[in-house]
Each structure stands twice: as structure tokens, then as C-alpha cells.
Amino acid sequence: MTKKIEWYHDFINLKYKPKASDLKVLFYFEPAKDITKDDAIGRIASESSTGTWTTLFKLPPRMKKLMATAYKINGNWVHVAYPLDLWERGNMPQLLSGIAGNIFGMKALNNLRLVDVSLPGEYIRHFPGPNLGIQGLRKYFKVYDRPLTGAVPKPKVGFSAEEHAKIGYETWLGGFDCVKDDENLTSQTFNNFNKRVSLMAKMRDKAERETGEIKDAFINITAETEEMKKRAKILHNHGFKYAMIDVVTCGEASDQTLRETLGDYGMAIHAHRAMHASFDRNPKHGITMQFLAKIMRLIGVDQIHSGTAVGKLVGSKEEVLAISNILREKNVKSYKNVLLEQNWGKIKPAFPVTSGGLHPGLVPDIIDIYGKDVVLLVSGGIHGHPRGTRAGAKATMQAIEATKKKISLEEYAKTHAELKQALEKWGRLRPV
Ligand code: CAP
Ligand code: MG
């Protein structure tokens with residue numbers, strides 16, 4: 001008789017009823033050749049909690065309490081429950097090192113996808129969530145009945161700080177609430193951060209005086225963490241309500257730190273998700289965008305990019321709706337193999353941000369998918385307007401008005417020149 005050398009199956013118990021205090025995770029998995037489903041599932045639960053590849057000389061019985069349990073298998077989906085004590089409170093990198101860590105590299109799995117996590121109240125209450133959230137930001141802008149709007153100067157990078165601020169001014173004067181930096185604009189030789197901030201503040205003040213509206217900007221502070229803290233302070237000193245962070249490339253640890261810093265200044269975080277598609281694009285492997293959205297709401301971003309379903313970047317309508325649900329609802333209901341139930345307790349709702357290949361002709365589709373609680377970013381789609389940036393922003397605002405009034409864009413365009421010109425160029429094009 002061969003000796004038992006591993007204990008992976010000890011992590012499976014289909015009779016287990018998760019406790020209210022457990023963290024519950026839904027994974028999609030595909031076992032490698034010659035690996036049974038149970039062998040695969042056991043490894044997922046083991047490697048993400050307390051196990052190792054072989055039986056041990058010593059296994060103190062009390063440690064069994066920390067083992068994860070695979071408790072429900074549904075085709076290639078498995079539900080795993082984790083005892084709360086496995087997790088340090090308020091430490092997001094540590095959670096990821098467990099449920100999104102070594103398991104992705106196991107030879108026994110051809111594919112593994114972390115779909116969603118359901119977090120108990122006792123875990124959630126150690127995170128701050130958004131500082132202002134949807135209600136706080138609406139109150140700040142005094143805009144309650146339409147999406148917030150913003151645009152990035154295009155080309156992405158290359159403008160000087162002066163040129164950037166002038167484009168910003170045109171964007172604001174066209175009716176947009178915000179001007180956004182692109183994800184790869186930080187503080188380059190041709191566009192220094194400090195200079196950009198001070199010129200943008202001047203132009204913002206001018207735009208506010210001339211329009212009587214609140215104007216702001218998502219200026220990108222992405223850098224090494226200490227540097228980000230300095231940049232956050234500079235933004236605060238210049239009266240900006242937001243800072244923008246590339247939350248994936250910066251990492252959860254610095255996101256958490258900056259949430260504290262910006263919270264002290266009463267500011268909000270615009271979260272750009274550049275790099276997300278490296279782990280969420282393959283539907284069989286990696287981490288879903290809804291999971292990323294969940295941990296970002298918990299860490300406390302006020303808004304995060306969530307896709308368009310109709311623009312230039314990947315992302316289905318189902319995914320967009322799942323992300324919006326996670327960001328905006330108080331009680332998220334489980335949905336197919338896409339979402340787990342989540343009670344957000346006191347954590348505020350965050351805005352989804354729709355962006356990428358949008359233009360005025362796509363506004364009705366976007367509002368149909370998202371409703372009004374969304375930040376709408378139209379960049380190429382305003383700067384490419386035949387009459388320029390200001391007219392492009394006006395055309396977008398007209399498209400929002402038309403949609404609110406339930407009038408077709410074509411009809412509204414008869415009395416709104418900027419919208420008419422936009423439709424002549426792009427129509428209802430869905431770019432690829
Ligand atoms: C959009 C954008 C945004 C992407 C991000 C760009 O520009 O500025 O970064 O939309 O993608 O650089 O492509 P356009 P996502 O409006 O000119 O397309 O929102 O999917 O994270
Ligand atoms: Mg961009």
C-alpha cells in the first residue's frame with residue numbers, strides 16, 4: 001500500500017454550510033490533463049489558505065480551523081469558504097496574496113479565474129470605502145440629473161502644460177464638468193506636474209467664473225507612493241477635489257495609503273484601470289473586472305473605469321452591468337456565475353466610469369446601459385469634432401439633454417448645430 005503523501009481532499013466538504021463570518025469566493029477552474037476535479041478543487045482551497053503539497057509530520061489540530069473549504073461545485077465553478085481569521089483586517093494586499101496568489105500558477109490547473117468574493121460585515125468594516133461617493137460628488141458639482149462628464153486632451157501625451165490647460169478650458173466651456181489626464185501622463189519633461197496643476201487651476205477658476213458652474217479635473221498623481229502623497233497635497237493646495245490614480249499599476253498598497261492621504265484633504269479618487277485587461281480579458285483565466293471593482297470600492301475609490309460595451313475597448317454589456325451593480329448597490333444579489341451576494345453596510349456607492357471610443361452618437365446607448373449615475377468620458381469624440389473641442393463638448397451635452405428628454409438625436413440635431421455636425425461625422429458608429 002502506498003503511503004498518503006498529500007491532503008488536498010481534506011479541503012473539500014460538500015456538506016459544509018458557510019458561516020456568516022466566512023469570506024466566500026467563486027472560482028472557475030479547468031483541471032490539467034490526468035487531474036480529477038477534486039484534485040484540482042482541493043489544490044485551489046489548500047494553496048489559497050493553509051495547505052502545502054504534502055502531508056506534514058506535525059499538523060496541530062487547532063490549525064484545521066483556518067483551512068478553507070470547497071463546499072459547492074457546479075460544473076467548472078467551485079465555491080470556497082475561508083475562515084475570517086485567515087485574513088488581516090484592513091490589509092488588501094494580504095487578501096490578494098491568498099485568494100489571488102500562488103493558485104494561479106499551479107501545474108494541476110490549466111485555467112483558473114477568480115470571479116467574485118462575498119465579504120462579511122466584519123471584514124468590510126475595516127476599510128473606509130469612498131470618501132465622497134456618488135452622493136458626495138453630486139452635491140459638490142450640484143449636478144443631480146445627468147451623468148458627470150469629462151474629457152482627456154488628445155493626443156494622449158505630448159502637449160505642454162500651457163497647451164493642456166487651454167484644451168482644458170475649451171472642454172469646460174463646452175459644458176463638461178471635468179478635464180482628465182491620460183493614464184500615461186504624469187510629470188514628463190514636456191509637461192511638468194506642478195506647472196500643469198497651477199495652470200489648470202487658473203483656467204478652472206476662469207471657467208468657473210465665466211460659466212457659474214463647478215469645474216474640476218482628474219489630474220494623474222501616479223508615481224512612487226511618497227511622491228504621490230506630495231502630488232496629492234499640491235492638488236489640494238490648488239483647490240482640486242479629485243486626484244487620479246492608475247490603481248492597478250500603482251498597486252493596492254499605495255491605493256490604500258493614498259485613500260488615507262486624500263481622505264484627510266476631503267478629496268475623491270478617480271481610478272484609472274490601465275493594465276486590468278492583462279488579467280481580466282481571458283474569460284477562462286485571471287481575475288474578473290467585477291472583483292477588481294469590488295476591492296477598489298472597499299479601498300475607497302470614488303469612481304473607476306468600467307467599460308462601455310459599445311466603444312473601442314473590450315467589455316460586454318453583462319460585465320458592465322455586473323461592475324455597475326458592485327459599485328452602486330447597497331445589497332448586491334448573486335447572479336448566475338457572475339456575482340455573489342454582497343451587503344456593503346456603511347460603504348458608500350462609487351461611480352462607474354464609461355470611456356473609450358465614445359462620441360455624442362453613442363450617448364443614448366450609454367445612458368440606456370448605465371442610467372444617469374455614471375461618469376461619461378468622451379475624448380477623441382470631442383476633440384475630433386469638425387468645429388473643435390468646445391463644440392464637441394457642447395454636442396455631447398446636447399446628446400445628454402436629448403436622451404433625458406427622450407428625443408432622438410437626429411430630431412434634436414435639427415435645432416442643435418454642434419450635435420448635427422457630430423452626427424454628420426460619426427453617426428452612431430461603434431468604433432473597433
Ligand atoms: C479614452 C482613453 C481611456 C480609456 C480607458 C484612452 O480615450 O483616454 O484611457 O477609455 O479604458 O486612452 O483610450 P477616447 P477603460 O475617449 O479618445 O477613446 O475605460 O476601458 O479602462
Ligand atoms: Mg486614456
Side-chain angles (χ1 to χ4, degrees), residues 147-159 164 167-168 170-171 174 176-186 188 191 217-222 242 244-250 255 269-281 286-293 296 301-324 326-327 350-363 365-366 369-370 374-385 388-389 392-393 395-396 399-400 422 425-426 429-432:
L148 296 182
T149 48
V152 183
K154 295 281 174 177
K156 275 181 195 274
V157 290
F159 287 121
H164 187 102
I167 297 168
E170 287 297 305
T171 306
F176 273 25
D177 306 300
C178 294
V179 177
K180 177 186 169 298
D181 282 0
D182 228 321
E183 65 282 352
N184 51 350
L185 177 65
T186 53
Q188 283 101 318
N191 190 333
F218 314 149
I219 298 181
N220 192 5
I221 62 169
T222 294
Y242 279 97
M244 167 176 152
I245 302 175
D246 291 341
V247 289
V248 180
T249 59
C250 286
D255 300 340
I269 298 176
H270 174 91
H272 197 290
R273 59 176 180 166
M275 204 164 99
H276 73 97
S278 64
F279 55 80
D280 69 17
R281 185 169 179 169
I287 298 172
T288 61
M289 184 56 213
Q290 60 267 30
F291 176 84
L292 182 72
M296 287 301 157
V301 309
D302 296 81
Q303 53 198 45
I304 180 165
H305 286 240
S306 49
T308 63
V310 294
K312 71 181 186 188
L313 297 156
V314 287
S316 64
K317 186 172 171 186
E318 186 179 63
E319 186 191 62
V320 165
L321 293 175
I323 302 166
S324 303
I326 283 193
L327 293 174
F351 272 117
V353 177
T354 188
S355 171
L358 299 180
H359 57 82
L362 291 177
V363 166
D365 289 341
I366 290 294
I369 295 170
Y370 276 104
V374 61
V375 178
L376 171 70
L377 300 184
V378 184
S379 301
I382 69 165
H383 308 302
H385 187 281
T389 300
T396 307
I400 294 174
K425 177 163 181 179
W426 296 298
L429 172 79
R430 291 185 173 192
V432 274

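Predicted, not measured: the structure shown is a model, and the values here were computed from it. Atoms within a ligand are numbered from 1 in the order they appear, just like the ligands themselves.
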In ligand 1, which numbered atoms sit nearer than 4.0 Å to a non-hydrogen atom of His272?
3 (C), 5 (C), 9 (O)
Under 4.0 Å from a heavy atom of Gly357: give me the atoms of ligand 1 that qualify, with their elements.
14 (P), 16 (O), 18 (O)
Check whether Thr222 reaches the backbone of Asp246 with its side chain - one donor and one acceptor, N or O, closer than 3.5 Å.
yes
Would you mind naming the N, O or S atom of Asp182 nearest to the Mg ion (ligand 2)?
OD1
Which ligand 1 atoms does Gly380 reach within 4.0 Å, using its non-hydrogen atoms?
14 (P), 16 (O), 17 (O)
Which residue and atom name correspond to the protein heavy atom nearest atom 20 (O) of ligand 1, and how close is it?
Arg273 NH2, 2.7 Å
Answer whether the closest heavy-atom distance between the side chains of Arg273 and Val301 falls below 4.5 Å.
no
Are Lys180 and Thr171 packed together at the side-chain level, in the sense that at least one heavy-atom pair is separated by less than 4.5 angstrom?
no
Taking all atoms of both residues into account, what is the closest heavy-atom pair of Pro352 and Tyr370, and its distance?
CB-CE2, 3.6 Å
Are any of the N/O atoms on Val378, whether in the backbone or the side chain, positioned under 3.5 angstrom from an N/O atom of ligand 1?
no
Is there a side-chain contact between Ile400 and Leu376, using heavy atoms and a 4.5 Å cut-off?
yes
Considering only heavy atoms, does Asp182 approach ligand 1 within less than 4.0 Å through its side chain, its backbone, both, or neither?
side chain
Closest to atom 8 (O) of ligand 1 (heavy atoms only, candidates Lys156, Lys154, Glu183) is Lys154
Would you say His272's side chain and Asp181's backbone share a donor-acceptor pair under 3.5 angstrom?
no
Main-chain N/O of Thr186 paired to Asn220 side chain as donor or acceptor, under 3.5 Å:
no
How is the N/O/S atom of Glu183 that comes nearest to the Mg ion (ligand 2) named?
OE1
